[in-house]
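Some notes on the structure that comes next.
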Amino acid sequence: MRAFVLRGNGEVGIMEKAVPEPGPNDAVVRTTAAMVCTTDVHTKRGAMTVAPDVTLGHEAVGVVHALGEAVDGLDVGQRVAVSGVTPCFECETCQRGFTSQCGGVILGAARFTTRGDGNMAEYFLVGHARANLAPIPDELSDHQALYATDMLSTGFVAAEHAGLDFGETVAVFAQGAVGLSATIGCRLRGAGLIIAVESLPPRQELARHFGADVIVDHTRCDPVARIMELTDGQGVDAAIEALGSRRTWEATFRVTKPGGRISNVGYHGEDPEPLEIPLEPFGYGMSDKQVYAGLNRGGRDWLNRIFRLMRTGKVDPTPMTTHEFGFDDIVKAFRMMEFKEDGIIKPLIHFGRCGPRGWVRGFLGALGALGAWVGVRGRGRGRSGCDRRRSAKLGAYARRVE
């Protein structure tokens, strides 16, 4: 099989690997679609120590290829999704409810790439498969289901950790895919005022579409001063850090009122310097402010809840997808994510659909995948085939919100 890997020299590329074999409690999934995450970029830049030639990726869906002998409740050929974290749900830490810290290890459930191969490959292995694989409802496309694996999962955890009650106020710093998902989560939890901090116009438009009431452009004003103004000098009930920046981290303390909540889901691993807490807004340690740092919860039940929100029409995350590629062009997609080219937010990667080699594999591998391709083609791909800019769709949303 082909896999997208981080080579020992720090470069990325496609290499051949053996198709994995499942252990008793594992499953092997044949990938049909995936997404590149900024976390993969962090890994390439050395933020995490990984093995040479490790497969990248943790956002993928597909069909069950093989099952371990102890796995029940799933069938070969079934469409499935897996979260970006795969807890065991058996250890003490998981039983206490901190599933992303599985095994009592910080981020212990983040097994893809950091503790073994990721899932940006034509086949991938899923441990504790019964607990971690969720069948994809027939009403949902692979494209929709992909967002449940990480972006919505993490963004919704951010909104949960913000502890919002109906009508409360919240500021969300940054409107990338996780920040946009947090904005969706805050709307679902009944926030009365959602303030999104973002400077890029396409992301501002999406933030409005997903529920932000006010956009604060940090390049045009002091975001802390503006948020305090918007809340009559009180500050917000909760603030969400979704960027992974020292500046936005400190701003969350400055904009929350006494007794407020700070929810961090931004990744701070690229900056080796310790994060600082501004003392006065923190009440010199006595402000009754709560700080919660968390990650994707993982597991079948969590994915099913998000699927339910999509099936009933409460959530459609797909406008975040700005570009589409075939797996043959994964290196290009990754480079665009690394340097944030062409306004990219999330790139959708199709497996077995583009390029001559992908055509052969897709046709011989599964006629179902061919049917899915016909459905996608019916919506139009633009002049560049699978490598296309979804600007027309984004423009439609821009017109709608304005």
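Both backbone and side-chain heavy atoms feed into the values below; hydrogens, waters and symmetry mates do not.
Taking every heavy atom of both residues into account, D117 and T55 meet most closely at OD1-N, 2.9 Å. When all heavy atoms of S263 and A162 are compared, the pair lying nearest together is CB-N, 3.9 Å. Shown here for G176 and E198, the closest heavy-atom pair between the two residues is N-OE1, 4.3 Å. Of all non-hydrogen atoms in P319 and H209, the two that sit nearest each other are CG-NE2, 4.3 Å. Across all non-hydrogen atoms, the minimal contact from F173 to A239 is CE1-CB, 4.4 Å. The shortest heavy-atom contact between L152 and M310 is CD1-CE, 3.4 Å.
The CE atom of M35 sits 3.5 Å away from atom OG1 of T321, with the distance rounded to the nearest 0.5 Å. One finds the CZ atom of R203 at 11.0 Å from the CE atom of M320 (value rounded to the nearest 0.5 Å). To the nearest 0.5 Å, the span separating CZ on F351 from OH on Y123 amounts to 11.5 Å. Rounded to the nearest 0.5 Å, atoms SG (C94) and CD (Q101) are 9.5 Å apart. Between the CG atom of D213 and the CD1 atom of I194 there is a distance of 5.5 Å, given to the nearest 0.5 Å. Taken from NE2 in H128 to SG in C88, the straight-line distance is 5.0 Å, to the nearest 0.5 Å.
Between E16 and R2 there is no salt bridge, since none of the side-chain N atoms of the basic residue sits less than 4.0 Å from a carboxylate O of the acidic one. Checked for salt-bridge contact, R226 and D222 miss the test: no charged N lies under 4.0 Å from a carboxylate O. Taking the charged nitrogens against the carboxylate oxygens, R45 and E270 do have a contact shorter than 4.0 Å, which makes a salt bridge. Using a cutoff of 4.0 Å between basic side-chain nitrogens and carboxylate oxygens, E341 and R335 are scored as salt-bridged. One finds a salt bridge joining K346 and E59 here, because a Lys/Arg side-chain nitrogen approaches an Asp/Glu carboxylate oxygen to under 4.0 Å. At a threshold of 4.0 Å, the pair R254-E280 does not count as salt-bridged, since none of the basic side-chain nitrogens sits closer than that to a carboxylate oxygen. Between D53 and K17 there is no salt bridge, since no side-chain N of the basic residue sits under 4.0 Å from a carboxylate O of the acidic one.
Counting heavy atoms from C-beta on, the side chains of V5 and V12 never come closer than 4.5 Å. Inter-residue side-chain proximity for V236 and I195 is flagged as met; some heavy-atom pair is nearer than 4.5 Å. The shortest distance between side-chain heavy atoms of M48 and Y267 falls below 4.5 Å. Counting heavy atoms from C-beta outward, L107 and T114 have side chains that stay 4.5 Å or more apart. Under the 4.5 Å side-chain criterion, counting only non-hydrogen atoms from C-beta, D329 is not in contact with F327. By the 4.5 Å heavy-atom criterion applied to side chains, V291 and W249 are counted as neighbours. Side-chain contact between T149 and V61 is present, with at least one heavy-atom pair separated by less than 4.5 Å.
Exactly one residue among T322, D342, V36, V331 makes a side chain to side chain contact (heavy atoms under 4.5 Å, CB included) with M336. That residue is D342.
Panel note: side chain R300, backbone R130; a donor-acceptor pair is recorded below 3.5 Å. Looking only at distances, a side-chain donor or acceptor of R7 sits under 3.5 Å from a matching main-chain atom of I14. Under a 3.5 Å cut-off, the side chain of S181 and the backbone N or O of M151 do form a donor-acceptor pair. When atom types are taken as modelled, the side chain of K314 and the backbone of L188 share no donor-acceptor pair closer than 3.5 angstrom. A distance-only check finds a donor-acceptor pair linking the side chain of T93 to the backbone of G104 [under 3.5 Å]. Although no hydrogens or angles enter the test, the distance criterion places no donor-acceptor pair under 3.5 Å between the side chain of T154 and the main chain of V178.
Using bins of under 30°, 30° to 60° and over 60° for the plane-to-plane angle, the ring pair Y292/H161 lands in the parallel bin.
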side-chain contact (heavy atoms from CB on, under 4.5 Å) for V82 and F112? Distances and angles first, verdict last.
CA-CA 11 Å; V82 60; F112 290 129; 4.3 Å; yes
Quick one: do I240 and I262 satisfy side-chain contact (heavy atoms from CB on, under 4.5 Å)? Show the steps, please.
CA-CA 6 Å; I240 295 173; I262 295 162; over 6 Å; no
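Taking the six-membered ring for Trp, H350 and F325 have ring centres at least 6.0 Å apart.
No side-chain donor-acceptor contact under 3.5 Å links H58 and N119. Using modelled atom types and a 3.5 Å distance limit, the side chains of E122 and T31 yield no donor-acceptor pair. When only modelled atom types and interatomic distance are considered, Q144 and T318 share no side-chain donor-acceptor pair under 3.5 Å. A donor-acceptor pair shorter than 3.5 Å can be found between the side chains of S83 and N296. Between the side chains of T169 and D237, at least one donor N or O sits under 3.5 Å from an acceptor N or O.
Around CD of E139, the count of heavy atoms belonging to other residues, nucleotides or ligands within 6.0 Å exceeds 12. For R96, the CZ atom counts as densely surrounded, since its 6.0 Å shell holds more than 12 non-hydrogen atoms of other residues, nucleotides or ligands.
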